[in-house]
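A short worksheet on the structure shown next.
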There are 2 protein chains.
Amino acid sequence: MNEQKYNAIIADDHAIVRAGLKDALEKPGLIEPDGIKVVAEAGDGLTAIAEIRKHRPHLLLLDVSMPMAGGVEVLVEARRWSRETKVVVLTGVSAVGLVSDLIEAGVDGLFSKASDNTEFYQKLPGILRGQRHISEHFLSILEETPKLPMLTDRERQTLNMILAGRSNKEIAEGLGISIKTVDKHRTSLMQKLNVRSVPQLMARALKEGMIDPSKEL
Amino acid sequence: MNEQKYNAIIADDHAIVRAGLKDALEKPGLIEPDGIKVVAEAGDGLTAIAEIRKHRPHLLLLDVSMPMAGGVEVLVEARRWSRETKVVVLTGVSAVGLVSDLIEAGVDGLFSKASDNTEFYQKLPGILRGQRHISEHFLSILEETPKLPMLTDRERQTLNMILAGRSNKEIAEGLGISIKTVDKHRTSLMQKLNVRSVPQLMARALKEGMIDPSKEL
DNA sequence: CGGAAAATGGGGGATCCACCCCATGCCATT
DNA sequence: AATGGCATGGGGTGGATCCCCCATTTTCCG
């Protein structure tokens with residue numbers, strides 16, 4: 001019979017990812033000597049929550065982007081119904097807000113889908129025994145981004161107009177100030193965000209999810 | 001000994017997906033009686049293209065959303081350098097423009113990451129032998145025709161790198177062509193999209209939803 | 001085969017941008 | 001009163017861009 005010490009639930013909207021994770025978990029010797037039994041899978045957040053209430057597993061492998069309910073919601077619900085379950089989140093996105101939300105919600109493990117799996121394999125046993133591990137990648141992200149609240153009013157205004165595709169001259173006319181002043185704000189912006197061109201600035205702002213379409217002049 | 005009849009390259013920005021796919025491909029009896037040998041993996045588009053030029057494999061498993069170069073771009077480049085390679089695309093998104101682009105570019109197989117893998121496993125052998133299979137899911141999507149401006153291969157390639165925040169010079173180096181050619185593609189792009197600057201181009205691409213802001217570095 | 005479209009690359013010029021210098025006010029906190 | 005941050009501008013330089021002109025080759029399609 002199976003003498004597996006731990007069981008787990010996998011929640012991800014991609015069947016291929018679930019298959020790969022299940023294979024890794026259940027393979028004896030890779031993570032646990034006897035493997036980890038996968039008792040349920042879920043392709044959306046609501047199913048994930050239902051399965052957690054039903055099985056109350058030792059481990060929940062969770063994707064952040066899922067239909068019906070995202071990573072943070074499922075994490076909170078998992079905590080409500082199964083306090084002993086260790087929740088490990090795998091994410092393909094590294095938006096600052098999401099990462100800090102997950103950590104504040106008390107996630108037990110946080111790994112990037114893009115990075116090498118060996119880190120994931122190595123840390124999982126410790127997490128099952130009560131340790132906590134956040135991938136360096138996310139820690140560095142959190143440290144490198146107290147830059148957003150450092151934006152001044154004018155800089156934020158300018159940034160939003162840049163993201164709307166307006167040129168220096170158009171922004172100057174829109175805000176009723178000189179082109180040189182806009183240039184100054186833009187230069188400060190780029191320094192604070194550590195970029196060297198407008199396209200890079202836009203790409204960066206998009207990646208950080210700092211879009212605010214509801215700003216008026 | 002391993003007498004594997006086919007070899008393959010896997011391109012996906014998520015290591016876990018690559019591991020799962022590699023496992024499935026190489027497992028004897030699941031897809032091919034002797035399994036399919038995975039000769040290389042790539043985590044971004046440029047690496048994928050380089051590996052294709054190097055190995056010229058029978059099969060390329062390709063993700064659509066990757067850093068440096070997206071699915072369509074890699075597909076086109078794969079065709080350029082290794083015409084006999086069968087290209088099978090796995091996608092988590094089902095944007096109409098993307099799907100039609102892939103089909104027009106001559107993709108050999110198109111499957112959804114979210115759907116069950118059995119369809120993928122069953123159809124792969126036929127694709128390796130010259131058949132073509134587009135998942136029903138995408139065919140139904142194509143019924144509702146969109147109308148996006150017709151972009152050429154190079155233009156689309158250039159557009160994606162512009163959206164990543166790269167300059168003319170960086171794009172030229174990345175694609176191995178002259179700055180002037182990149183400039184020409186960019187000019188054509190802006191004419192077709194009716195904009196007059198890169199920021200406007202990016203803003204437009206945002207509005208049309210032809211960009212994925214939630215991408216990891 | 002022939003033509004069209006795409007891709008490649010170059011010259012040149014007007015404009016814009018990135019980034020340095022500088023100064024003047026206006027506020028806050030100290 | 002003073003220091004510092006923010007916002008406002010100007011001058012100037014070098015580089016990048018935008019957009020014309022032009023040419024060649026490759027590729028695709030009827």
Side-chain angles (χ1 to χ4, degrees), chain A residues 146-205 215 217, chain B residues 49 69 72-84 101 103-106 148-205:
Chain A
K147 292 165 185 171
L148 308 189
M150 283 176 68
L151 296 184
T152 66
D153 272 352
R154 276 312 213 199
E155 283 167 1
R156 194 168 283 109
Q157 262 175 16
T158 306
L159 174 59
N160 279 328
M161 300 194 70
I162 291 174
L163 292 179
R166 315 214 176 283
S167 70
N168 273 357
K169 191 195 285 185
E170 289 171 327
I171 297 174
E173 288 166 0
L175 295 180
I177 58 181
S178 129
I179 297 178
K180 289 308 258 182
T181 307
V182 176
D183 187 34
K184 181 72 177 61
H185 291 321
R186 163 179 293 189
T187 301
S188 311
L189 261 176
M190 292 192 297
Q191 271 186 347
K192 286 180 179 176
L193 294 180
N194 195 31
V195 296
R196 289 171 296 100
S197 72
V198 168
Q200 280 183 22
L201 180 62
M202 297 185 72
R204 172 108 191 179
K215 271 273 163 68
L217 313 183
Chain B
I49 294 170
V72 183
E73 289 71 24
V74 177
L75 170 56
V76 171
E77 288 298 311
R79 285 273 183 272
R80 275 170 59 99
W81 299 108
S82 178
R83 199 149 269 268
E84 63 279 4
D101 287 349
I103 293 179
E104 279 173 21
L148 287 177
M150 221 178 57
L151 301 182
T152 67
D153 290 332
R154 276 311 212 199
E155 284 167 1
R156 201 187 335 275
Q157 218 168 14
T158 306
L159 174 59
N160 278 334
M161 300 192 72
I162 290 174
L163 295 180
R166 317 208 171 277
S167 69
N168 274 357
K169 192 197 285 184
E170 289 171 325
I171 296 173
E173 287 166 0
L175 295 180
I177 57 181
S178 129
I179 298 178
K180 292 303 272 183
T181 307
V182 177
D183 187 32
K184 181 69 179 61
H185 290 320
R186 180 197 290 246
T187 302
S188 310
L189 261 176
M190 293 194 295
Q191 269 188 344
K192 285 182 179 175
L193 294 179
N194 195 31
V195 295
R196 283 162 290 106
S197 71
V198 167
Q200 281 183 20
L201 183 61
M202 296 185 72
R204 170 114 193 167

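Below, chain A is the first sequence line, B the second, and so on; all start at residue 1.
For the atom pair NZ of Lys192(B) and CG of Asn194(B), the computed distance is 13.5 Å after rounding to the nearest 0.5 Å. For the atom pair Met202(B) CE and Leu193(B) CG, the distance stands at 13.0 Å (nearest 0.5 Å).
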Completion exercise
5' to 3', nucleotides 14-26 of chain C under a 4.0 Å protein heavy-atom cut-off (B base, S sugar-phosphate only, - none) gives --SSSBS------
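Residues forming a side chain to side chain donor-acceptor pair (under 3.5 Å) with Arg166(A) (at least two apart in sequence, or on another chain): none. Residues meeting the salt bridge (Lys or Arg N to Asp or Glu O under 4.0 Å) test with Arg186(B), sequence neighbours left out: none.
Residues Leu175(B) and Arg154(B) come closest through the heavy atom pair O-NH2, 4.0 Å. Smallest separation of non-hydrogen atoms from Met190(B) and Val198(B): SD-N, 4.2 Å. Taking every heavy atom of both residues into account, Leu189(A) and Glu155(A) meet most closely at CD1-O, 3.5 Å. Residues Gly165(B) and Ser197(A) share a closest heavy-atom pair of O-OG, 4.5 Å.
One atom, CG of Leu159(B), and another, P of dA7(C), lie 13 Å apart when rounded to the nearest Å.
Listed pair Arg154(B) / dT8(C) meets the phosphate criterion, a side-chain N or O lying under 4.0 Å from OP1 or OP2. In this model, the phosphate group of dA6(C) is not approached by any side-chain N or O of His185(B) to a distance below 4.0 Å at OP1 or OP2.
If one axis is set at each end of the helix from dC1(C)-dG30(D) to dT30(C)-dA1(D) from five pairs, those axes are 50° apart, to 10°.
Residue Thr181(B) is in base contact, counting any heavy-atom pair closer than 4.0 Å across all strands shown.
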Problem - Working for side chain to side chain contact (heavy atoms under 4.5 Å, CB included), residues Ile171(A) and Ile162(A) - result: CA-CA 8 Å; Ile171(A) 297 174; Ile162(A) 291 174; 3.7 Å; yes
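Reading DNA chain D from its 5' end, the first and the last nucleotide to sit under 4.0 Å from a heavy atom of chain B are dA16(D) to dC20(D).
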Atom pairs and distances, side-chain donor-acceptor, residues 177-185 of chain B, under 3.5 Å, sequence neighbours left out:
residue: Ser178(B); atom: OG; partner: Lys180(B); partner atom: N; Å: 2.9
residue: Lys184(B); atom: NZ; partner: Ser188(B); partner atom: OG; Å: 3.2

